[in-house]
Amino acid sequence: MAVGDSISSGFNACGWYVPCPARSWATGDDERVRSHYLRLLGGGAPVAGRGVNLAVPGATSADLARQMAGAVARRADYVTVLVGAQDACVADERQMTPVDVYRRRVAGALETLRAGRPDVRVFLASVPDLRRLWQVGRNSVAARAFWAVGRICPSMLARPRSTAPADRERRDRVRARVAGYNSALAQVCAAYGPACRFDGNALFDCRFTRDQLSKWDFFHPSASGQRLIAQLTFPLIEDWLREPAGERVT
């Protein structure tokens, strides 16, 4: 089961401004992506027909507890979490979610999950490096046009060609906020115990290329970008999912 934001929903991976859960890195059934779901299914796990995607485009950490309640209601055994880009992608950087608020929200959502499904496994993916997306698209006329018309992540992508100190410093601050979110994820996962695994910043460190970004907005992953996320993250949990959950660390 997937919770989180537009990335896990497959947004813009197969059409104009629509979710495409079939191409989600987590629960998709498109062979071109080879999601966690398909990789588990191919390895003999009894998950056929049980991949559920609760991720919602535009979701922030404030929406995570409600999504986790949905995962509990659907009796999830394995949940992927990817949320935080929209906490940083705001009209003005002063509106970004503070790191301590983000940490508290994620921790509360995980407690909701554990209270309802004590044996569930949860995988926390790091928030991608938004500055890397700016670097990939800043010299593309098409990318800059989509970013401006769609008002995509203004905190990072506004004035994309500017080299003024104020704009460079703004981008650095947004990137630092995302890095703070990822540090919070690592801390929350460690506190949760052995039934949680963090990706160790694998997704944050990923150097997406333009071909791995959606042609509709040059921001969300394309089908090949979704496949890359699955390739990066599944090896981190493959062996772990076969192990006993172990005693919970409190």
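Since we're looking at a predicted model, the values are computed, not measured.
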Q. How long is the gap from CG on L232 to CG on L228, to the nearest 0.5 Å?
A. 4.5 Å
**Q.** Counterpart residues, ring-ring contact (aromatic ring centres under 6.0 Å, His included), relative to W134 (two or more places apart)
**A.** none
Q | Partner set under disulfide (SG to SG under 2.5 Å) for C206, not counting sequence neighbours | A | none
Q: Flag the pair D167 and R170 as a salt bridge only when some basic side-chain nitrogen lies within less than 4.0 angstrom of an acidic carboxylate oxygen.
A: yes
Could you tabulate the donor-acceptor pairs under 3.5 Å formed by side-chain atoms of residues 65-73, not counting sequence neighbours?
unit_1 : atom_1 : unit_2 : atom_2 : d
R66    : NH2    : D63    : OD1    : 3.0
Q67    : OE1    : G4     : N      : 2.6
Q67    : NE2    : G4     : O      : 3.1

Q: Measure the spacing between CZ of R197 and CG of L124 and express it to the nearest 0.5 Å.
A: 11.5 Å
(Q) Any non-hydrogen side-chain atom of C89 less than 4.5 Å from a side-chain atom of F219? (A) yes
Acceptor/donor pairs from residues 41-58 side chains to any protein atom, 3.5 angstrom cut, sequence neighbours excluded:
unit_1 : atom_1 : unit_2 : atom_2 : d
R50    : NH1    : P46    : O      : 3.4
R50    : NH2    : D77    : OD2    : 2.9
N53    : OD1    : A55    : N      : 3.0
N53    : ND2    : S8     : O      : 2.8
N53    : ND2    : S24    : OG     : 3.4
N53    : ND2    : T27    : OG1    : 3.0

Q | Cationic N near anionic O, under 4.0 Å, E93 to R173 | A | yes
Q | Criterion side chain to side chain donor-acceptor pair (under 3.5 Å) against S126, the qualifying member of N182, D199, D205 | A | D199
With a cut-off of 3.5 Å and sequence neighbours excluded, list every side-chain donor-acceptor pair involving residues 143-154.
unit_1 : atom_1 : unit_2 : atom_2 : d
R144   : NH1    : R138   : O      : 2.9
W147   : NE1    : D217   : O      : 3.2
W147   : NE1    : F218   : O      : 3.3

**Q.** R105 side, atom CZ; Y181 side, atom OH - distance, nearest 0.5 Å
**A.** 8.5 Å
Q: Drop me the distance from T209's OG1 to Q212's CD, to the nearest 0.5 angstrom.
A: 3.5 Å
Q | Intermediate values then yes/no, salt bridge (charged side-chain N to carboxylate O under 4.0 Å, His left out), R94 and D92 | A | CA-CA 5 Å; R94 291 171 294 185; D92 185 290; 2.9 Å; yes
Q) Distance under 6.0 Å and angle within 45° of the ring axis: does R132 meet both against F208? A) no
(Q) If I take atom CG from residue L236 and atom CZ from residue F198, how far apart are they, to the nearest 0.5 angstrom? (A) 10.0 Å
Q. Can you tell me how far CZ of R23 sits from SG of C14, rounded to the nearest 0.5 angstrom?
A. 5.0 Å
Q: Could you note down all residue pairs passing side-chain hydrogen bond (donor to acceptor under 3.5 Å, both in side chains) where residues 226-237 supplies at least one of them, sequence neighbours left out?
A: H36-T233
